[in-house]
**Student:** 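Just passing along the structure, written as structure tokens.
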Amino acid sequence: MNISELFAHKKTVYSLEVFPPKKTGSVDTVFNTLYGLRGLPVDFISVTYGAGGSEQQRGKTAEIASLIKKEYGIEPLSHLTCVGSTKDEIAKTLDLLKSIGVTNILALRGDMPVDGNAMMAFDHASDLTKFIKDYDPSFNVAGACYPECHVDAANLDEDIENLKKKVDAGVTHLTTQLFFDNEIFYEFRDKVEKAGISVPITAGIMPIVKKAQVERTVAMCGASIPTKFARLISKFADSEEALYDAGISYAVDQISDLVANDVRGVHLYTMNNVDMAKRITAATESMIKSANKL
Ligand code: FAD
């Protein structure tokens with residue numbers, strides 16, 4: 001199924017993200033994650049793509065996406081990056097995805113390696129989107145967006161101008177970078193609408209359930225930390241169990257508020273943590289269901 005049809009029929013779409021194993025990890029980890037997630041009321045599951053990984057590692061994305069579709073009957077969204085591939089390799093990946101029935105792609109630029117040396121099929125996700133749509137218009141293409149501005153953009157207005165190029169190239173829905181302050185999301189949504197972008201925007205929610213995650217995540221994406229969230233972290237930082245519960249509870253609060261404010265989609269970054277994904281899904285399922293009945 002084309003994921004854009006899901007957005008056409010549902011007011012609030014609920015999705016999860018899983019990732020293939022890193023260099024040293026076993027692929028069984030993600031297979032176990034997917035087995036643990038079976039039966040959850042999700043509309044689609046996205047699979048990340050290691051821009052800096054080997055060809056073999058990157059091939060895992062398609063394998064996992066295929067499993068999600070065939071074994072669990074859920075629509076997969078396969079991530080694909082400009083970084084780390086040539087145009088020919090991208091074309092081969094598209095052929096592979098088509099042959100295994102994966103037709104939804106999240107087109108990304110990818111993060112540049114620290115030394116700045118990387119093969120780059122295209123400069124931007126908008127170019128990749130155009131390439132995919134020209135190669136085979138039956139692919140449905142999604143894109144990423146940044147409520148707190150992408151690090152390379154001079155300011156949010158410029159970033160939104162560039163976002164429009166991506167949507168004009170054929171992107172049918174957008175997923176946000178993680179954020180902890182819903183007000184920032186609402187302001188971003190308003191600005192994007194004013195800029196003439198009308199595709200659905202899904203809120204990317206990353207529950208922070210471990211102390212090590214706090215600094216790493218914020219350093220990587222520069223998300224603002226609201227006072228309420230900072231208090232929670234500092235209060236429970238020394239209790240692994242309490243921080244885990246507090247992180248889940250904060251994510252549930254964020255999702256409830258987003259659903260009450262007519263968000264078009266919630267995308268949970270599961271970090272392959274089945275217990276966390278199950279608890280958050282159970283706590284928000286009735287609200288999402290109710291929003292879809294209204
Ligand atoms: P782009 O849309 O190309 O934007 C990058 C920068 O270029 C921005 O500053 C933008 O303003 C500017 N820009 C965009 N288009 C143009 C244009 N046409 N002309 C001039 N400037 C332009 N990374 C991975 O490696 N693998 C993944 O699986 C992965 N999944 C992700 C999922 C989500 C939901 C998100 C939010 C990010 C993900 N990332 C992933 C990270 C992503 O690759 C990085 O954030 C990357 O730095 C930007 O990717 P993009 O697709 O948003 O880039």
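Keep in mind it's a predicted model, so treat the numbers as computed, not measured. In each ligand, atom 1 is the first atom listed, and ligand 1 is the first ligand listed. Note: hydrogens, waters and symmetry copies are ignored here, and every other heavy atom, side chains too, is used.
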**Student:** With a 3.5 Å distance limit and no angle check, can you tell me whether Thr86 reaches the backbone of Met119 through a side-chain donor-acceptor pair?
**Tutor:**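 No, the answer is negative, given that no donor and acceptor are paired below the 3.5 Å cut-off.
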**Student:** Examine Glu17 against ligand 1 and note whether any of their N/O atoms are separated by less than 3.5 Å.
**Tutor:** no
**Student:** Heavy-atom distance under 4.5 Å between the side chains of Leu106 and Tyr49, does that happen here?
**Tutor:**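 A side-chain contact under 4.5 Å is absent here.
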**Student:** Heavy-atom distances under 4.0 Å are what count here, so tell me which part of Thr81 touches ligand 1: side chain, backbone, both or neither.
**Tutor:** side chain
**Student:** With heavy-atom distances below 4.0 Å as the criterion, list the atoms of ligand 1 near Asp159.
**Tutor:** 8 (C), 9 (O), 10 (C), 11 (O)
**Student:** Does the salt bridge (charged side-chain N to carboxylate O under 4.0 Å, His left out) test come out yes or no for Glu63 and Lys60, once each step is laid out?
**Tutor:** CA-CA 5 Å; Glu63 185 186 336; Lys60 291 279 175 235; 3.5 Å; yes
**Student:** Is there a donor-acceptor pair closer than 3.5 Å between any side-chain N or O of Glu158 and the backbone N or O of Ala153?
**Tutor:**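 Between the backbone of Ala153 and the side chain of Glu158 there is no qualifying donor-acceptor contact (under 3.5 Å).
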**Student:** Any idea which atoms of ligand 1 are less than 4.0 Å away from a heavy-atom of Gln177?
**Tutor:** 36 (C)
**Student:** Gly110 heavy atoms, cut-off 4.0 Å: which ligand 1 atoms fall inside?
**Tutor:**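 Selected atoms, number and element: 25 (O), 43 (O), 46 (C), 47 (O), 49 (O).
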**Student:** Checking contacts here: is it the side chain or the backbone of His79 that comes within 4.0 Å of ligand 1, counting heavy atoms only? Could be both or neither.
**Tutor:** side chain
**Student:** Of the backbone atoms (N, CA, C, O) and the side-chain heavy atoms from C-beta on, which set of Lys165 has a member under 4.0 Å from an atom of ligand 1: side chain, backbone, both, or neither?
**Tutor:** side chain
**Student:** Any nitrogen or oxygen of Cys145 lying under 3.5 Å from a nitrogen or oxygen in ligand 1? Just yes or no.
**Tutor:** no
**Student:** Can a donor-acceptor pair be found, under 3.5 Å and without considering hydrogens, that links the side chain of Ser290 to the backbone of Ser286?
**Tutor:**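 Side chain of Ser290 to backbone of Ser286, a donor-acceptor pair under 3.5 Å: no, none is there.
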**Student:** Counting only heavy atoms closer than 4.0 Å, does ligand 1 sit against the backbone of Glu158, its side chain, both, or neither?
**Tutor:** neither
**Student:** If the threshold is 4.0 Å, N to carboxylate O, is there a salt bridge linking Arg109 and Asp127?
**Tutor:** no
**Student:** Once you restrict to heavy atoms under 4.0 Å, what part of Phe122 touches ligand 1? Side chain, backbone, both or neither.
**Tutor:** neither
**Student:** Does Asp245 pair with Arg279 as a salt bridge, N-O distance under 4.0 Å?
**Tutor:** yes
**Student:** Which residue is it: Asp181, Asp262, Asp257? I am looking for the one with a side-chain hydrogen bond (donor to acceptor under 3.5 Å, both in side chains) to Tyr186.
**Tutor:** Asp257
**Student:** Of the backbone atoms (N, CA, C, O) and the side-chain heavy atoms from C-beta on, which set of Tyr146 has a member under 4.0 Å from an atom of ligand 1: side chain, backbone, both, or neither?
**Tutor:** side chain
**Student:** Hey, does Thr281 have a side-chain heavy atom less than 4.5 Å from the side chain of Tyr14?
**Tutor:** yes
**Student:** Select the closest option to atom 6 (C) of ligand 1 among Lys166, Met220, His150, His267, judged by heavy-atom distance.
**Tutor:**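 Closest candidate by heavy-atom distance is His150.
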**Student:** Any idea which of Ala125, Pro20, Ala169 brings a heavy atom closest to atom 3 (O) of ligand 1?
**Tutor:** Ala125
**Student:** Give the numbers and elements of all ligand 1 atoms closer than 4.0 Å to a heavy atom of Asp152.
**Tutor:** 9 (O)
**Student:** Of the side chain and backbone of Leu106, name the one, both, or neither that has a heavy atom under 4.0 Å from an atom of ligand 1.
**Tutor:** side chain
**Student:** Would you say Tyr269 has any N or O atom under 3.5 Å from an N or O of ligand 1, going by distance alone?
**Tutor:**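 Between Tyr269 and ligand 1, no N or O pair is found under 3.5 Å apart.
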**Student:** Could you go through Asn273 and Tyr244, starting from their C-alpha distance and side-chain angles, then the distance that decides it, and tell me whether this counts as side chain to side chain contact (heavy atoms under 4.5 Å, CB included)?
**Tutor:** CA-CA 12 Å; Asn273 182 335; Tyr244 189 79; 3.4 Å; yes
**Student:** With respect to Arg109, determine whether any N or O atom, backbone or side chain, lies less than 3.5 Å from an N or O atom of ligand 1.
**Tutor:** yes
**Student:** Using heavy atoms and a 4.0 Å limit, tell me yes or no: is Ser126 in contact with ligand 1?
**Tutor:** yes
**Student:** Using a 4.5 Å cut-off on heavy atoms from C-beta on, say whether the side chain of Leu156 contacts that of Ile160.
**Tutor:**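 The answer is yes; the side chains approach within 4.5 Å.
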**Student:** More than 12 heavy atoms of other residues, nucleotides or ligands under 6.0 Å from CD of Glu240: is that the case?
**Tutor:**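 Incorrect, the count does not exceed 12.
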**Student:** Any idea which atoms of ligand 1 are less than 4.0 Å away from a heavy-atom of Ala144?
**Tutor:**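 Per the distance check, 35 (C), 36 (C), 52 (O).
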**Student:** Under a 4.0 angstrom heavy-atom cut-off, which atoms of ligand 1 come close to Thr175?
**Tutor:** 34 (C)
**Student:** Of all the atoms in ligand 1, which lie at a distance below 4.0 Å from a heavy atom belonging to Thr48?
**Tutor:**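 Counting atoms of ligand 1 from 1, those under 4.0 Å from Thr48 are 28 (O).
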**Student:** More than 12 heavy atoms of other residues, nucleotides or ligands under 6.0 Å from NZ of Lys133: is that the case?
**Tutor:** yes
**Student:** Report, in ascending order of atom number, the atoms of ligand 1 lying under 4.0 Å from any heavy atom of Ala153.
**Tutor:**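 Going through ligand 1 atom by atom, the ones under 4.0 Å from Ala153 are 9 (O), 11 (O).
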